[in-house]
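See below for the structure under consideration.
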Amino acid sequence: MNDSQGRTPRDVVKAHAKSRFVSASSAVVVSAVLFTVGGCEVFSFLPFVDDPNKAAEEGAPKPLQAIDAEAVLQRRWQTGVGRGLGRKYLRIKPTILAERIYAADGYGMVVAIDRFSGRRIWSTSVGTPDRRPFLKVWDRRDPSFLTGGVGAGEGRILVGTTRGEVVALNAGDGSEAWRTQLTSEILSPPAADEGVVMAQTNDGRLVALEPADGATRWSYDNQVPLLTLRGTATPVITGGFVFAGFGDGRVAALSTESGAPIWQHRLMLPQGRTELERLVDVDGAPLVVPERGALFAISYQGRLKALSPPDGRLLWEMPASSHLDLAQGYGQLYFVSDEDVVTAVQQTSAEVVWRQEGLKNRKLTSPLAFSNYVLVGDAEGYLHVLAQSDGRFVARRRLSAGLRSPMIESDGIVYVLANDGKLSAFEIRLGA
């Protein structure tokens, strides 16, 4: 069983076998987990499986309530990016470099766009999807393969694939600079800064590559539990260190030059009798806030912690569960729980400032915080704007398709990539 049906990390877990073969008992466990976590939705195309829309009421998306809009989301431009994100749970995040925004679809297309006008500058393909077997018309697998994107730095645009490739393109014209084969699929964007490219593979490896030619500088291996959520955290490079989260609930700091471990900290010790109960993945990127002298990280079914970047010393902690990235602003942290409750917490303590439960079970994106606002998107295509001060709804707009990919912002313009491949630029203007 794999991710070809496109379930979210909360709906599907991946099994890691220690050899090429999985025992019958392991297969039974994995199948049971898939049914437990994903319900019948994984096999909803079969005629004898119940309609997934008949889900239990407590797990259904919370209906949206009318809001007193204080602002409007005004679209500046919109353009298409390839064939979209497909049926897999892809969260391909665009990136900005100078006056361009770079985006990708799930099928190998990477584009460079003028971020002010929406004009396409170049586009290229980093590969082609696998062909389906001849006459196998019942094969419903999604052939998308570009899963780790988009990263930028050192003059390169970086993407990763399910085939374990890290592909570097020249930012100027999209020509391929190099391609490096790693040991397993790349599910998060490669990162580049301070003279190094960092990529994290699905089998627990953190690999440092040379920006010039993609040669391996060093590799750090972390043991992967039997079951983990399908995803990996994006490495964060700063001050000669790389900070990374892993599937066993650990956050580690390593030297970018040598790969020597500086410290490791376990956000949560796996607990429970079943592998499902013991999931503690750190799939959200660690958030470093230099002015606070703190690194923030969150795990699934675990903890939100503030750590000291130089030595990993614990500053404070609180119970929390999320597989998404954190955001920060107004001296606060923002996270989306696995029940899709948006929460604001003081950066200097574990004090909760506010919780917004009006979007429960709507399958939200990672939060984006800037100016006075916190933005999240949902699976039905709604873009929600909350106030950083108290979490009240400020504005809302429905887009052309559902939203999964994290949003980005620059110069007050928010860039949103919808699941259908429509990339839009928005401004928030006061007044309904």
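Just so you know, these numbers use all the heavy atoms, side chains as well, and skip hydrogens, waters and symmetry mates.
By the neighbour-count criterion of 12 heavy atoms within 6.0 Å, atom CZ of R75 is densely surrounded, having more than that number from other residues, nucleotides or ligands. Heavy-atom contacts from other residues, nucleotides or ligands closer than 6.0 Å to CD of E99 number 12 or fewer.
Taking 4.0 Å as the cut-off between side-chain N and carboxylate O, R115 and D411 count as a salt-bridged pair. Taking the charged nitrogens against the carboxylate oxygens, D378 and K62 have no contact shorter than 4.0 Å, which rules out a salt bridge. Remark: R156 does not engage E154 in a salt bridge, criterion side-chain N to carboxylate O under 4.0 Å. D221 has a carboxylate O that lies under 4.0 Å from a charged side-chain N of R205, or vice versa, which qualifies the two as a salt bridge. A salt bridge does not link E380 to K363: none of the charged nitrogens lies less than 4.0 Å from a carboxylate oxygen.
Looking at T180, its side chain never comes within 3.5 Å of a backbone N or O of V166 through a donor-acceptor pair. The closest donor-acceptor contact from the side chain of E339 to the backbone of K360 lies at 3.5 Å or more, if one exists at all. Listed for the Q356 side chain is a donor-acceptor partner under 3.5 Å among the backbone atoms of G391. Without hydrogens or angle criteria, W354 side chain to Q388 main chain gives a donor-acceptor distance under 3.5 Å. Judged purely by atom type and a 3.5 angstrom limit, R266 uses its side chain to pair as donor or acceptor with the backbone of D248. Not a single donor-acceptor pair under 3.5 Å links the side chain of E257 to the backbone N or O of G240. The main-chain N or O of L279 is found under 3.5 Å from a side-chain atom of Q301 such that the two form a donor-acceptor pair. Side-chain N or O atoms of R397 include none that pairs as donor or acceptor with a backbone N or O of L383 at under 3.5 Å. Side-chain atoms of E317 never come within 3.5 Å of backbone atoms of R303 as a donor-acceptor pair (strictly under, hydrogens ignored). Distance alone, capped at 3.5 Å, is enough to place a donor-acceptor pair between the W178 side chain and the P211 backbone.
Heavy atoms only, all atoms of each residue included: D114 and I121 are closest at N-CD1, 3.7 Å. The two residues A104 and V110 come nearest to each other via the heavy atoms CB-CG2, 4.1 Å. When all heavy atoms are compared, the tightest approach of M407 to K93 is O-CE, 4.2 Å. Scanning both residues, R91 and S405, for their nearest heavy atoms gives C-OG, 3.5 Å. A pairwise comparison of heavy atoms in A244 and Q200 identifies CB-OE1, 4.0 Å as the closest pair. The shortest non-hydrogen separation linking T161 to T147 is C-OG1, 3.7 Å.
Put simply, CD on Q264 and CZ on F246 are 7.5 Å apart, with the number rounded to the nearest 0.5 Å. Annotation: the span from W316 atom CH2 to S349 atom OG amounts to 7.0 Å, rounded to 0.5 Å. Rounding to the nearest 0.5 angstrom, the gap separating the CG atom in D281 from the OG1 atom in T228 is 5.0 Å. The structure places CZ of F241 at 10.0 Å from CG of L254, a figure rounded to the nearest 0.5 Å. Here the straight-line distance linking atom CG of L423 with atom CD of Q78 works out to 8.5 Å at 0.5 Å rounding. The structure places CZ of F335 at 13.0 Å from OG of S366, a figure rounded to the nearest 0.5 Å.
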Passes side-chain contact (heavy atoms from CB on, under 4.5 Å), L368 versus E409? Steps please. CA-CA 8 Å; L368 170 69; E409 177 271 336; 3.9 Å; yes
Would T232 and S188 count as a side-chain hydrogen bond (donor to acceptor under 3.5 Å, both in side chains) here? Give the steps. CA-CA 6 Å; T232 56; S188 60; 3.1 Å; yes
For the pair D193 and T238, evaluate side-chain contact (heavy atoms from CB on, under 4.5 Å) and give the outcome as yes or no after the intermediate values. CA-CA 8 Å; D193 202 359; T238 182; over 6 Å; no
Would you check, one step at a time, whether the test side-chain contact (heavy atoms from CB on, under 4.5 Å) holds for I298 with V282? CA-CA 6 Å; I298 193 168; V282 181; over 6 Å; no
Check the pair V353 / V345 against side-chain contact (heavy atoms from CB on, under 4.5 Å), numbers first and verdict last. CA-CA 5 Å; V353 181; V345 180; 5.9 Å; no
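For the pair D420 and L399, the minimum side-chain heavy-atom distance is 4.5 Å or more. Annotation: side chain of Y300 is in contact with side chain of D338 (closest heavy-atom distance under 4.5 Å). A 4.5 Å side-chain heavy-atom check between P261 and W263 finds every atom pair outside the cut-off. Within the 4.5 Å cutoff, the side chain of Y107 has no heavy atoms near those of the V126 side chain. Between R404 and L85 the shortest side-chain heavy-atom distance falls below 4.5 Å. Between I237 and V196 the shortest side-chain heavy-atom distance falls below 4.5 Å. Counting heavy atoms from C-beta on, the side chains of T95 and L97 never come closer than 4.5 Å. A 4.5 Å side-chain heavy-atom check between T348 and R292 finds at least one atom pair inside the cut-off.
No donor-acceptor contact under 3.5 angstrom links the side chains of D325 and Y334, judged on distance only. For the residue pair E185 / N202, a side-chain donor-acceptor distance below 3.5 Å is found, with atom types taken as modelled. In this structure, a donor-acceptor pair under 3.5 Å is present between the side chains of Q328 and Q347.
Ring planes of W122 and Y102: tilted class, angle from 30 to 60°.
Put simply, the residue from V341, L324, T365, V374 that forms a side chain to side chain contact (heavy atoms under 4.5 Å, CB included) with V336 is L324.
For the pair R163 and F145, the cation-pi criterion (under 6.0 Å, within 45° of the ring axis) is fulfilled.
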